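Throughout, numbering of the chain's residues begins at 1 and tracks the sequence. Since the model is a prediction, treat every value here as computed from it, not as a measurement.
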Amino acid sequence: MDEIKKAIIEFAESSRKSKFYFKDMEKAVQEKVPGAKSRDIKKAATELINEGTLIYFSTGSTTMYGLKGRGVTEEERQQG
C-alpha cells in the first residue's frame, strides 16, 4: 500500500494539472507498480485524502483528485 501511495504522490507532484481524474492517476500508478489493482489504488487515494495529502474536487458531475495546496479550489476561490 505504501508503494501505491508513493506512486500517487509522485504522479500528483509531477502532473502538469493541479487536478486529475482517477483514471489518469490509476494509469500512472500501474506504470510504476505493475499489478496494482484499481480497488487498491482507490483505497490508497482515500487514505491520502484522510491524511490530508490529497483532496477531492467535485464539479457536481465528476470527482477529481488534487494535491492539497496545489492549484486553487472552489472553496479557496469563494474565500478570496
Heavy-atom closest contact (L54 atom, A12 atom, distance): CD2-CB, 4.3 Å
Contacts of type side-chain contact (heavy atoms from CB on, under 4.5 Å), residue E13, not counting sequence neighbours: I9, L67
From E26 atom CD to D40 atom CG, the distance as rounded to the nearest 0.5 Å: 10.5 Å
Check against side chain to side chain contact (heavy atoms under 4.5 Å, CB included), E51 and K5: CA-CA 11 Å; E51 293 167 10; K5 283 184 182 181; 2.7 Å; yes
Minimum heavy-atom distance I41-I4, with the two atoms named: CA-CG2, 4.0 Å
F57 ring center within less than 6.0 Å of Y65 ring center: no
Taking every non-hydrogen atom, the tightest pair across Q30 and A36: NE2-O, 3.0 Å
All side-chain contact (heavy atoms from CB on, under 4.5 Å) counterparts of K68, not counting sequence neighbours: I55
Pairs involving residues 15-40, ordered by first then second residue, that meet ring-ring contact (aromatic ring centres under 6.0 Å, His included) (sequence neighbours left out): F11-F20
Inter-residue atom distance M25.CE - K42.NZ, 0.5 Å rounding: 7.5 Å
Nearest non-hydrogen partners of A45 and I8, listed with the distance: N-CD1, 3.8 Å
Sidechain N-carboxylate O distance under 4.0 Å for K6, E10: yes
